[in-house]
Amino acid sequence: MDYNFSAIEKKWQEYWQKNKTYKIDIDTNKPKFYVLDMFPYPSGAGLHVGHPLGYIASDIYSRYKRLKGFNVLHPMGYDAYGLPAEQYAIQTGQHPAITTDINIKRYREQLDKIGFSYDWDREVRTSDPKYYHWTQWAFIQMFKHYFNKQSQKAESIESLVAVFEKEGNQNVQAACSTDQIFSADQWKSWSQNQQQEMLLNYRLAFLAETQVNWCSELGTVLANDEVKDGVSVRGGYPVVQKKMKQWSLRVSAYAQRLLDGLDTIDWTDSLKEVQRNWIGRSEGASVNFGVKGNDKTIEVFTTRPDTLYGATFMVLAPEHELVSELVTPEYKEKVENYIHWVKGRTERERMADVNKITGEFIGAYGINPITGNEIPIWIADYVLAGYGTGAIMAVPAHDSRDFAFAKHFKLPIIQVVVKADDKATDPASWEESYDSKEGRMINSGLIDGLEVKTAISSIINYIEEKKLGYGKINFRLRDAIFSRQRYWGEPFPVYYKNDLPYVLDESELPLELPEIDKYLPTEDGQPPLGRAQNWETAEGYPYELSTMPGFAGSSAYYLRYMDPKNNQELVSKEANAYWQDVDLYIGGTEHATGHLIYSRFWNKFLFDLGLVCKDEPFKKLINQGMIQGRSNFVYRIKDSNTFVSYNLRSDYEVTEIHVDVNLVHHDVLDIEKFKAWRAEFNQAEFILEDNKYICGYAVEKMSKSMYNVVNPDTIIEQYGADTLRLYEMFLGPLEDSKPWDTSGIEGVHRFLRKLWRLFFDANGSLNISNETPNPGEQKTIHKTIKKIQEDIEKFSFNTSVSAFMICVNELSELKCNKREVLSNLTLILSPFAPHIAEELWSLLGNHTSVTDADFPGCNEAFLVEATKTYAVSFNGKVRFTLDLPADMTKDAVEKEVMIDERTTKWLEEKTPKKVIVVPGKIVNIVV
RNA sequence: GCCCAGGUGGCGGAAUUGGUAGACGCGCUGGUCUCAAACACCAGUGGGGUUAAACCCGUGCCGGUUCGAGCCCGGCCCUGGGUACCA
């Protein structure tokens, strides 16, 4: 009987479905293990061979854990809201829900063919009202809570109101967007509207006028992580800064906890580093500068308060609110022109000329609070409105940006720090500023002579004492803008009364997405929901017109999988207590600053409310590498329809043309298929080498336009899902990027056939012996059991596949068909190649699924070796090997080596200076 | 610019973490089987050198530590990814 993979795979996929093999439930008799894949956005293009890489890895791990006795939660679902379906709807009028449904169906078919062990009864879709019910619900909770900095957690708005009523807000330490202080009496005197307006400054989900990334092409705002290089990540459209009233989530309140949490989780250092940079904690001081002839103060944030004596000017962001007040009449026009110019530039233009130094003096002077010196105030676009206070004190001697600015505008530079043993020099002669924190203060009054680090703490103490400022920690992490002026997203459970937002009662959820006639903004520029009929509460209050962004639905999906059908709560206490958190999360590194920050924030919030038992949602996280495409090229001779083979191309003037990799096998072009590929090649002529047309190749991104996309369905048809699974793993380390080259797949396919043949005799009949395996056979299988277990636990699946190949090669050599050996082999292979494993398992006479068996243990007794092969080297160069008993002492080994005639030969009658014996491994003789 | 990975045969990649570099697979060469092909099997395959061997060279480059370095240290070059005026 041949290895008929198509029949076998079909049979077992049906069996699994029929028997609900992968359906799991809470089972308190077993330890839980939660393995999660980042759920996909179901795009219209379907899966290519790169997508399932991480899914295969997590599936192997899940199956392994199950064999090890764990109750494994391994779910899958869809991040079903998103721009492409909506863009398609705009073009064609087809409802995005329909597009999404079609795409999901296709994804599901493709996924099913690969043989994953997902419990599909737990599937979630973010666009399903039963699912987004809980996305909306979480939003309501955020609206109803604020972040108490003292307790470092979310607390209810009612408790905050109680404090306001009792003592106003002077003692409240909360993450909020106002610095207005009020008393209890004031609070009580306010109208409901005024109170609501004040509370919006405290809520974790709040509505506020903010500087946003506006993308007019998409007609919506974007989050920081959705913008790259000044254009939208999806689509590549230009993005400009704009002030708009938007919903935001106060993610920044959790900055410190998001940072601290990183130390408690098992993620790669590089990913943690990306998050640390994104959170961007910096310690320093907030210092108030006076303004000459004005009672205003300008608050600046600096990480180098030690350099206060070196501040020679100040710079405000062009958007800074004090600019218009402080600018003197004679500079007014220039300043306004400059501001106008800055506003007109897109983010991208700004980034294109970061090195261009621009700015304007505003005519006013700030007063250095510590020296009393008057220093000019400038505006410049190198100071960002969004960071710190949007104003800086410039210390050109010790900050490279200030230095460049001072040089350009010929502003004074004063040195206040010298390197350890150096003397002060004239900054006018400097090529660059001295930014390092190594050194000693000079020209610095109070802190003169101090080391930088002591100077910092000493000056902070001083300014706090004199009430000139205070020590402060700043974060780069911004609040997340949560409104999108789009249709295909979760509606906000929000309505407006007197222009102020109120949330719906929880009993009214889900607030379902209404139907609209066109998926475009309204004529008067309202978001698409402005077209919906009766989009208002029963009382006639209008609903919010924006929808939520992509990260809303993906922020708590891992919790929903624990209890996906629960329509009373997001997740039951019981389910959460059992499944707790994700033990292993596998996904792409592109979510480092978006999803992985937002969902950690979301989870921490739910944790504060006592709704989930873990502060961090993802215990261990692995980023699978990208599968790159391997493109093939043909070479057309200029102005002809003749193609010349790769190695002959240098004799001609040729154009390199991408050719579909599916027409090429081992870099040899299938000429007939090529001719049929496109009409223009129908009459093509070829100059061959060795009767073949050899194509060139290059590693590029896998994409349609490079004609290098390989579809898993095609591979499965030709070689089967088990071969695909093994080959994806065999390609290289999981976390590395590597090119996909279908050529190599034949090796793993051969391996599976060779494995199959172990079970059959020359006539093709099943032939399994019940004899006891001999020591050689035992050694082979037990060393493989050990290796596979070790490899799986460190996610080294590529070396596992090699180990299986070596094992089968050895067993073939030994002509081993012993039941015990083959059973063990089938079991350890089953996480990798589940279909063939099920088939072989049943051929071995078992009547239950291999997934219900136990992972075999390694019996070390079979691995003990009687002899060891020693490499004998002279001055580090290995000259010969020698087999010696494994238990031989070092001295005896040395003696044996020294009497060997080959040693005598290599010594050339010299006396060895030293002999090093590493037991069981090597002997090195130093001559 | 800064941060993080990483540079090993024609290719994808191994190397027990300082102990025989190139496992395993692809490709290639030769052979067996076949009318032929496919499949399968056997042998070879880092470079130089030799009839064959001996031997020499070899993990991006230069230097160091060590009995011994792909692995550790210092400096440099290159590739990929992230990030970008964050005070």
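Note: hydrogens, waters and symmetry copies are ignored here, and every other heavy atom, side chains too, is used. Just so we're on the same page: letters track the sequence lines, and every chain starts at 1.
Glycosidic conformation, B/G9: syn, with the torsion inside 90° of 0. Annotated as syn: B/U17, whose O4'-C1'-N torsion sits within 90° of 0.
Distances shorter than 4.0 Å separate none of the side-chain N or O atoms of A/Lys921 from OP1 or OP2 on B/C67. Between A/Arg630 and B/G12, a side-chain N or O to OP1/OP2 separation shorter than 4.0 Å is absent. The phosphate of B/G25 (OP1 or OP2) has a side-chain N or O of A/Asn809 nearer than 4.0 angstrom. Put simply, A/Lys738 has no side-chain N or O that comes within less than 4.0 Å of OP1 or OP2 on B/G12. Proximity of A/Arg753 to the phosphate of B/C39: no side-chain N or O atom is located under 4.0 Å from OP1 or OP2.
If you take CZ of A/Phe730 and C1' of B/A23, they are 10 Å apart, rounded to a whole angstrom. In this structure, the CZ atom of A/Phe301 is 16 Å from the C1' atom of B/C85, given to the nearest Å. Across the protein-nucleic acid pair, A/Asp399 atom CG and B/G1 atom P stand 18 Å apart, rounded to whole Å. Protein atom CZ of A/Arg281 is 20 Å distant from nucleotide atom P of B/C3, rounded to whole Å. Between the C1' atom of B/U16 and the NZ atom of A/Lys868 lies a distance of 11 Å, rounded to the nearest Å. Atom CG of A/Leu271 is separated from atom C1' of B/C3 by 14 Å (rounded to the nearest Å). Counting to the nearest Å, the P atom of B/A87 and the CD atom of A/Glu283 are 12 Å from each other. Per the geometry, CD belonging to A/Glu746 stands 15 Å off C1' belonging to B/C11, to the nearest Å.
Distance from the side chain of A/Arg750 is smallest for B/G27 among the nucleotides B/G82, B/A84, B/G27. Ranking B/C67, B/G25, B/G13 by closeness to the A/Ile916 side chain, first place goes to B/C67. When distances are taken from the side chain of A/Tyr387 to each of B/A87, B/G12, B/C24, the shortest belongs to B/A87. With distances taken from any side-chain atom of A/Trp278 to the nucleotides B/U20, B/A84, B/G82, the minimum falls on B/A84. You'll find that the side chain of A/Lys877 is closest to B/C57, out of B/C57, B/A14, B/A87. Residue A/His666 has its side chain nearest to B/G27 when only B/G12, B/U20, B/G27 are considered. With distances taken from any side-chain atom of A/Lys754 to the nucleotides B/G12, B/C41, B/C4, the minimum falls on B/C41. With distances taken from any side-chain atom of A/Arg879 to the nucleotides B/A87, B/C56, B/C26, the minimum falls on B/C56. Nearest to the side-chain atoms of A/Glu273 among the listed nucleotides B/C3, B/C24, B/C85 stands B/C3. The side chain of A/Tyr382 lies closest to B/C85, out of B/C26, B/G12, B/C85.
Here A/Glu735 lies out of heavy-atom contact (under 4.0 Å) with every strand. Using a 4.0 Å heavy-atom criterion, one finds that A/Ser282 contacts the sugar-phosphate atoms exclusively. Base contact: A/Val918 has a heavy atom under 4.0 Å from a base atom. In this structure, A/Asp741 reaches neither bases nor backbone, as no heavy-atom distance under 4.0 Å exists between it and the strands shown. Within 4.0 Å of A/Thr881, counting heavy atoms only, lies at least one base atom of the nucleic acid. Across all strands shown, A/Asn798 has heavy atoms under 4.0 Å from sugar-phosphate atoms exclusively, and none from any base. Contacts of A/Ser802 with the nucleic acid, taken as non-hydrogen atoms under 4.0 Å apart, include base atoms. Residue-level contact check: A/Ile392 touches the bases, meaning some heavy atom is under 4.0 Å from a base atom.
Taking atom C1' on both nucleotides, B/G80 is separated from B/G60 by 15 Å, rounded to a whole Å. Across B/G9 and B/C24, the matching C1' atoms stand 14 Å from one another, rounded to whole Å. Taking the C1' atom of each, B/U65 and B/G74 are spaced 11 Å apart, rounded to whole Å. Rounded to a whole angstrom, the distance from the C1' atom of B/G18 to that of B/A69 is 7 Å. Comparing B/C56 with B/U79, their C1' atoms are spaced 32 Å from each other, to the whole Å. Comparing the same atom, P, in B/A43 and in B/U50 gives a spacing of 28 Å after rounding to whole Å. B/U20 and B/G58 are spaced 15 Å apart, taking the C1' atom of each and rounding to whole Å. Separation of the C1' atoms belonging to B/C3 and B/C67 is 39 Å when rounded to the nearest angstrom.
For the pair A/Arg630 and A/Tyr697, the cation-pi test (distance below 6.0 Å, angle within 45°) is passed. Under a cutoff of 6.0 Å and an axis angle of 45°, A/Arg649 and A/Tyr646 form a cation-pi pair.
Between A/Phe730 and A/Tyr727, the ring-plane angle classifies as tilted under the 30° and 60° cut-offs.
Looking only at atom types and distance, the side chain of A/Lys914 has no donor-acceptor partner in the side chain of A/Asn924 under 3.5 Å away.
In the displayed structure, A/Asp263 atom CG is contacted under 6.0 Å by more than 12 heavy atoms of other residues, nucleotides or ligands. Environment of NZ in A/Lys272: crowded, with over 12 heavy atoms of neighbouring residues, nucleotides or ligands closer than 6.0 Å. Heavy atoms from other residues, nucleotides or ligands lying under 6.0 Å from CG of A/Asp883 number more than 12.
When both pairing distances are held under 3.5 Å, B/G25 makes a Watson-Crick or G-U pair with B/C11. Across all strands shown, B/U17 has no partner, as no Watson-Crick or G-U wobble contact with both distances under 3.5 Å is found. In this structure, B/U79 forms a base pair with B/A5, meeting either the Watson-Crick or the G-U wobble geometry with both donor-acceptor distances under 3.5 Å. Nucleotide B/U59 forms no Watson-Crick or G-U wobble pair with any nucleotide shown, as no partner meets the under 3.5 Å limit on both distances. Pairing for B/A37 is absent, judged as Watson-Crick or G-U wobble with the two contacts each under 3.5 Å.
To the nearest 0.5 Å, the span separating CD on A/Glu735 from CD1 on A/Ile586 amounts to 9.0 Å. Going from atom CG of A/Leu829 over to atom CG of A/Leu752 covers 7.0 Å, rounded to the nearest 0.5 Å.
Comparing A/Tyr697 and A/Tyr870 along RNA chain B, the residue whose closest nucleotide (by nearest heavy atom) sits nearer the 5' end is A/Tyr697. Mapping A/Asp736 and A/Tyr727 onto RNA chain B via the closest heavy atom, the residue that lands nearer the 5' end is A/Asp736.
The aromatic ring centres of A/Phe5 and A/Tyr719 sit 6.0 Å or more apart.
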